[in-house]
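Shown next, in structure tokens, is the structure this report addresses.
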Amino acid sequence: MTRPTTLIVGASHAGVTAAEALRRNGYDGRIRLYSAEAAPLPYHRPPLSKAYMAGEKSAEQIALRGAKFYADNDIELLTGTRVDAVDAGARSLRAGGETVTWDTLVLATGARARPLPGCEGITSGLHRLRDLADADRLSALRNRGGRLVIAGGGFIGLEVAATMVRSGLEVIVIDPLQTLLRRALPADLSALLLARHRAEGVDIRLGRRISRVIAEDGALRRIELDDGCRIDTEDLLVGIGSTARLELAEQLGLATHAGGILVDRHGRSSCEGVYAIGDCAAQNNRFAGGLARIESVQAATDQARAVAAAICGKDDAPSASDALPWFWSDQYDLKLQMAGLPDAAATSVMRGTPGDGPCSLFQMQQDRMTASFSINRAGDHVHSRRLIAQGARFDISLLADPEIPLTKCQLTEAAT
Ligand SMILES: Cc1cc2nc3c(=O)[nH]c(=O)nc-3n(C[C@H](O)[C@H](O)[C@H](O)COP(=O)(O)OP(=O)(O)OC[C@H]3O[C@@H](n4cnc5c(N)ncnc54)[C@H](O)[C@@H]3O)c2cc1C
């Protein structure tokens, strides 16, 4: 009997976890993992804007798995090999001049950085940060000094700002919103981050848009803001979000939603035998209150494990649809950890004083916690992840006291 074949397109957090989880679930078919990137081994993406960018970790140190892992698990890893075409009827793909058929296809194609309009034709000085090669180009600025303008005060932009200003660059961040990270953070913590960046010397301009980007012979020279301000710069990092890579999904005619490939709670797309996971997928999430494309390592790995279980016929395995979203960001010595999704209408309880050491902010719907945001309070983050997911109820009068462990703030059965 011939072995079944699972082809996985994209070898990052989602793709590699899916391959690993297939083997853990006892899948004994052929697994082939395609990576369009030239990097010899798939790697952790978050350090690109953190420890790797700061020169604290090497490419080897951020590898997801060593080469031995792929060999030991009989996972065929093809790096530098882009899948160019897929054929739903023939259940085959084309990559590296070869046609390969699948029994199961997993799309883990991730996302690409959203481009800034008006930058077409600029060949030098325009940066994005999505992969190792991007990070290497940006990192080189640390030795050169000078000015870096960052379009977008999101997590990636702010992490790079922190690293670059500490490396001696002049850093200017431009964001159209009046509040930093407005959709991701409660206002108190957003204000804390803003104050910290400004204290470190980052020039943050809120409520401003880049209206024009000026280049000479393809080389970036200047940007203009919508208030008429002109800023000379030879380097601009565009960090204004990302869009899912959907080219292969479009060739297969897959249904999409919310900018991602629409999948059910097991990661199945609208085409039989084709799954989608990670940044390219849109799935129902009970904490998001509907379909969402959640871009995080947590979502990518949880979805990958669920898909591997489904491929192995274990539909009763935990679904990523029921997983609490969580995320983190490192800026200076601040480790920001978030569990759940922010809700502006929720009641907030602050534990500790923001700006004055570790603190956590809990968002509550009556006595149930819906989200937590911790700065240098890893214990609060870890416990709140579990407790939010369980729907635990809390004595709100205790939550604000940093001396009382979160687990001790729960309401006892007798009190509920
Ligand atoms: C700089 C940066 C910092 C981040 N920091 C954090 C963080 O602190 N915490 C957090 O939770 N998340 C963070 N994220 C987000 C997180 O990295 C992503 O959510 C995660 O990488 C998604 O994994 P993925 O496997 O779905 O997709 P991706 O990581 O985007 O990988 C997709 C891969 O598929 C490949 N591919 C695409 N099309 C093809 C094709 N046709 N053929 C072959 N290969 C293909 C791509 O080249 C890529 O290698 C960060 C992201 C970036 C860019």
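In this text the structure is predicted, and so the values were computed from the model without any measurement. We count ligands from 1, going down the list as the structure has it; atoms in each ligand are counted the same way.
- Between A14 and ligand 1, an N or O atom pair is found at a separation short of 3.5 Å.
- D232 places no side-chain N or O within 3.5 Å of a backbone atom of R222 that could act as its donor or acceptor partner.
- Atoms of ligand 1 lying under 4.0 Å from at least one heavy atom of L248, given by number and element, are 41 (N).
- Looking only at protein heavy atoms, the nearest one to atom 50 (C) of ligand 1 is P46 CA, 4.4 Å.
- The shell of residues lying under 4.0 angstrom from ligand 1, judged by heavy atoms, excludes S329.
- For T81, every heavy-atom contact with ligand 1 shorter than 4.0 Å involves the backbone, none the side chain.
- The nearest heavy-atom contact from the protein to atom 27 (O) of ligand 1 is G110 CA, 3.3 Å.
- With E159 contributing its side chain and K50 its backbone, the two residues share no donor-acceptor pair below 3.5 Å.
- In this structure, the side chain of S321 engages the main chain of N284 through a donor-acceptor pair within 3.5 Å.
- Summary of contacts: the protein heavy atom closest to atom 44 (N) of ligand 1 is A36 N, 3.0 Å.
- Using a 4.0 Å cut-off between heavy atoms, F155 makes no contact with ligand 1 at all.
- Look at D330 and you'll find every heavy atom at least 4.0 Å from all atoms of ligand 1.
- The protein heavy atom nearest to atom 51 (C) of ligand 1 is I156 CD1, 4.1 Å.
- Counting heavy atoms of neighbouring residues, nucleotides and ligands inside a 6.0 Å radius, atom NZ of K57 does not exceed 12 of them.
- A distance-only check finds a donor-acceptor pair linking the side chain of D264 to the backbone of H266 [under 3.5 Å].
- Residue-level proximity to ligand 1 for V297 is carried by backbone and side chain together, each with a heavy atom below 4.0 angstrom.
- D316 has no carboxylate O lying under 4.0 Å from a charged side-chain N of K314, or vice versa, which leaves the two without a salt bridge.
- The number of heavy-atom neighbours closer than 6.0 Å to CZ of R144, taken from other residues, nucleotides and ligands shown, is above 12.
- Within ligand 1, the atoms closer than 4.0 Å to a non-hydrogen atom of R245 are 37 (C), 38 (N), numbered from 1 in the order shown.
- Scanning all protein heavy atoms for the shortest distance to atom 48 (C) of ligand 1 gives E37 OE2, 3.5 Å.
- Numbered from 1 in the order shown, with element, the atoms of ligand 1 that lie under 4.0 Å from a heavy atom of S296 read 11 (O), 12 (N), 19 (O).
- For ligand 1, the atoms lying closer than 4.0 Å to a non-hydrogen atom of A111 are 30 (O).
- Of the possible donor and acceptor atoms, one in the side chain of S270 sits under 3.5 Å from a partner among the backbone N and O of A255.
- Residue K50 touches ligand 1 through its side chain alone, judged by heavy-atom distances below 4.0 Å.
- Using a cutoff of 4.0 Å between basic side-chain nitrogens and carboxylate oxygens, R196 and D333 are scored as salt-bridged.
- Atoms of ligand 1 found under 4.0 Å from any heavy atom of A108, numbered from 1 in the order shown, are 32 (C), 33 (C), 34 (O).
- Within the listing of ligand 1, atoms 1 (C), 53 (C) sit less than 4.0 angstrom from a heavy atom of L129.
- Heavy-atom contacts from other residues, nucleotides or ligands closer than 6.0 Å to CZ of R128 number 12 or fewer.
- The aromatic ring centroids of H197 and Y332 lie less than 6.0 Å from each other.
- Taking atom 34 (O) of ligand 1 as the reference point, the nearest protein heavy-atom neighbour is G10 CA, 3.2 Å.
- Taking the six-membered ring for Trp and the full ring otherwise, F327 and F155 have centroids separated by under 6.0 Å.
- Residue-environment remark: CZ (R209) stays at or below the threshold of 12 foreign heavy atoms within 6.0 Å.
- Ligand-side atoms of ligand 1 in range of G278: 26 (O), range being under 4.0 angstrom from any heavy atom.
- Salt bridge R112/D279: absent, no basic N to carboxylate O contact under 4.0 Å.
- Residue S49 has at least one heavy-atom neighbour below 4.0 Å for each of these atoms of ligand 1: 1 (C), 2 (C), 3 (C).
- Using a 4.0 Å cut-off between a side-chain N of Lys or Arg and a carboxylate O of Asp or Glu, E250 and R245 do not qualify as a salt bridge.
- Atom 41 (N) of ligand 1 has as its closest protein heavy atom V83 O, 3.0 Å.
- Nearest protein heavy-atom contact of atom 31 (O) of ligand 1 is S12 CB, 3.0 Å.
- No part of S242 comes within 4.0 Å of ligand 1, judged by heavy-atom distances.
- Residue contacts with ligand 1: R45 is placed with a nitrogen or oxygen under 3.5 Å of a nitrogen or oxygen of the ligand (distance criterion only).
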